[in-house]
Amino acid sequence: MSNRHLARTMAMQALYEWDFRGQDTSRLPEVLAYVKQEFAKDFDDGGYVDTQVAAIIAKVGELDAALERFAPNWSVASMTVMDRNILRLGMYELKWDDAIPSKVAINEAIELGKTFGGDASGKFVNGVLGAVYKAMVAAGELKDADKENKAG
C-alpha cells in the first residue's frame, strides 16, 4: 500500500468515526489520534490526514449539497456512512485539492469503496465522482494538476 493510499485510508476512517458518532468536532483530535495509533502508529503522513479531515469537515455542507446534486436518487442521509465519507473525501480531492489530479482522486475513492464499502460501493463512487468530473470538464474547471498531466 502506498503512503498516500494509507493516509487516505486513515482520513476516511477518521471521517467515518466522526460522522458515525454524530459529527462531534470537539472529539476530532481524539478520533485522529486513535486512527493514527490503530492503523499506522509510526507512519509520518506529512500532515495529510489532519489537513484533509479538517478541510472536509469545514466544507461538509458544500460537499453534501454537491453529493445530493450528483447522486440524484440518493440523499446523503440515505447513503451508508462509509459511502458518504468516501465520497466526501473523493469529492474534496477532486474539486478542491489542487495538488491531486482528478483521475487519481476518483481512482483512489473507487478503491476505498471496493475495500471498505458494500458490494456496489465502487461502482456507486465511480458513478457519482465521474459525473462530477464530467461537469468540471464541461465548465472548464480543470485543476492545474490535470492540465499538467495532459501536457506531459
Side-chain angles (χ1 to χ4, degrees), residues 1-71 74-118 120-133 135-136 141-146 148-149:
M1 180 182 298
S2 74
N3 286 344
R4 185 52 61 93
H5 185 75
L6 175 58
R8 275 188 187 91
T9 300
M10 292 166 56
M12 182 272 305
Q13 293 284 354
L15 289 166
Y16 175 90
E17 178 140 352
W18 164 80
D19 195 10
F20 184 79
R21 296 188 181 273
Q23 299 185 356
D24 181 0
T25 54
S26 70
R27 296 192 62 224
L28 194 56
E30 174 188 332
V31 167
L32 288 164
Y34 172 78
V35 166
K36 290 175 184 179
Q37 180 68 29
E38 283 296 307
F39 294 99
K41 183 176 13 178
D42 298 322
F43 175 60
D44 179 10
D45 67 350
Y48 171 88
V49 174
D50 292 349
T51 300
Q52 294 302 81
V53 169
I56 290 163
I57 289 172
K59 285 192 170 293
V60 76
E62 194 172 349
L63 288 162
D64 287 357
L67 289 175
E68 297 271 350
R69 179 174 160 224
F70 288 101
W74 292 87
S75 69
V76 170
S78 69
M79 294 175 189
T80 67
V81 177
M82 186 61 69
D83 286 352
R84 86 172 148 246
N85 285 291
I86 291 169
L87 284 166
R88 285 170 175 159
L89 177 59
M91 174 93 66
Y92 177 79
E93 288 191 343
L94 177 60
K95 288 189 62 81
W96 287 283
D97 192 327
D98 292 329
I100 299 172
S102 295
K103 291 183 180 180
V104 171
I106 294 169
N107 288 336
E108 286 288 324
I110 292 168
E111 289 306 312
L112 288 172
K114 287 178 182 178
T115 303
F116 296 100
S121 292
K123 290 180 181 178
F124 180 56
V125 168
N126 185 31
V128 174
L129 296 182
V132 173
Y133 180 71
M136 288 171 61
E141 296 175 352
L142 283 180
K143 301 185 293 185
D144 288 341
D146 297 325
E148 291 167 11
N149 283 345

Task: Residue pair Arg4 / Ile100, side-chain heavy-atom distance below 4.5 Å - done: yes
- [ ] Measure across Asp98 and Ala145 and return the closest heavy-atom pair with its distance rounded to 0.1 Å.
- [x] O-CB, 3.4 Å
TODO: Determine whether Ile86 and Ile110 make a side-chain contact, defined as any pair of heavy atoms from C-beta on separated by less than 4.5 Å.
DONE: no
TODO: Among residues two or more places apart or on two chains, list those pairs meeting ring-ring contact (aromatic ring centres under 6.0 Å, His included) that have a residue in residues 74-96.
DONE: Trp74-Phe124
Task: Any residue meeting side chain to side chain donor-acceptor pair (under 3.5 Å) with Thr25, in chain and number order, not counting sequence neighbours - done: none
TODO: Can you sort out the partners of Asp24 under side chain to side chain donor-acceptor pair (under 3.5 Å), two or more places apart, ordered by chain and number?
DONE: Ser26
TODO: Check whether any side-chain heavy atom of Met91 lies under 4.5 Å from a side-chain heavy atom of Leu129, and answer yes or no.
DONE: yes
Open item on the list: Do Gln52 and Asp97 make a side-chain contact, defined as non-hydrogen atoms from C-beta onward lying under 4.5 Å apart?
Closed with: yes
Task: side chain to side chain donor-acceptor pair (under 3.5 Å) against Lys95, all qualifying residues, sequence neighbours excluded - done: none
Open item on the list: Could you work out, with salt bridge (Lys or Arg N to Asp or Glu O under 4.0 Å) as the rule, every residue matching Lys123, not counting sequence neighbours?
Closed with: none
Task: Partners passing salt bridge (Lys or Arg N to Asp or Glu O under 4.0 Å) against Glu68 (at least two apart in sequence or in another chain) - done: none
TODO: Look at the side chain of Asp45 and the backbone N and O of Ala7, then say whether any donor-acceptor pair between them is shorter than 3.5 Å.
DONE: no
Task: Partner residues of Thr115 under the side-chain contact (heavy atoms from CB on, under 4.5 Å) criterion, sequence neighbours left out - done: none
Open item on the list: Between Ile56 and Val53, does the side chain to side chain contact (heavy atoms under 4.5 Å, CB included) criterion hold? Intermediate values first, please.
Closed with: CA-CA 5 Å; Ile56 290 163; Val53 169; 5.8 Å; no
- [ ] Could you tell me which non-hydrogen atom of Asn85 sits nearest to which non-hydrogen atom of Val81, and how far apart they are?
- [x] ND2-O, 2.8 Å
Open item on the list: So, using side chain to side chain donor-acceptor pair (under 3.5 Å) as the criterion, who are the partners of Arg27 when residues are at least two apart?
Closed with: Glu30
Open item on the list: Go through it in stages, so that I can follow the logic: the residues are Val76 and Leu67, the test is side chain to side chain contact (heavy atoms under 4.5 Å, CB included), and I'd like the CA-CA distance, side-chain angles, deciding distance and then a yes or no.
Closed with: CA-CA 7 Å; Val76 170; Leu67 289 175; 3.9 Å; yes
Task: Selection residues 6-20 - residue pairs positive for salt bridge (charged side-chain N to carboxylate O under 4.0 Å, His left out), sequence neighbours left out - done: Arg8-Glu93, Arg8-Glu108, Glu17-Arg21, Asp19-Arg84, Asp19-Arg88
TODO: May I ask you to test the Val35-Val49 pair for a side-chain heavy-atom distance under 4.5 Å?
DONE: no
Open item on the list: Could you walk me through whether His5 and Leu112 satisfy the side chain to side chain contact (heavy atoms under 4.5 Å, CB included) test, starting with their C-alpha distance in whole Å, then the side-chain angles of each, then the deciding distance to 0.1 Å, before giving a yes or no?
Closed with: CA-CA 9 Å; His5 185 75; Leu112 288 172; 4.2 Å; yes
TODO: With rounding to the nearest 0.5 Å, note down the distance linking CD1 in Ile57 to CG in Leu28.
DONE: 4.5 Å
Open item on the list: Can you list everything that forms a side-chain contact (heavy atoms from CB on, under 4.5 Å) with Lys103? Sequence neighbours excluded, please.
Closed with: Tyr133
TODO: Determine which pairs satisfy ring-ring contact (aromatic ring centres under 6.0 Å, His included) with at least one residue from residues 18-60, sequence neighbours left out, and list them in order.
DONE: Tyr16-Phe20
Task: Pair Ser121-Met82, side chain to side chain contact (heavy atoms under 4.5 Å, CB included): steps then yes or no - done: CA-CA 9 Å; Ser121 292; Met82 186 61 69; over 6 Å; no
Task: Atom NZ of Lys114: over 12 foreign heavy atoms under 6.0 Å - done: no
- [ ] List in chain and number order the residues that pass salt bridge (Lys or Arg N to Asp or Glu O under 4.0 Å) with Asp50, two or more places apart in sequence or in another chain; answer none if no residue qualifies.
- [x] Lys36
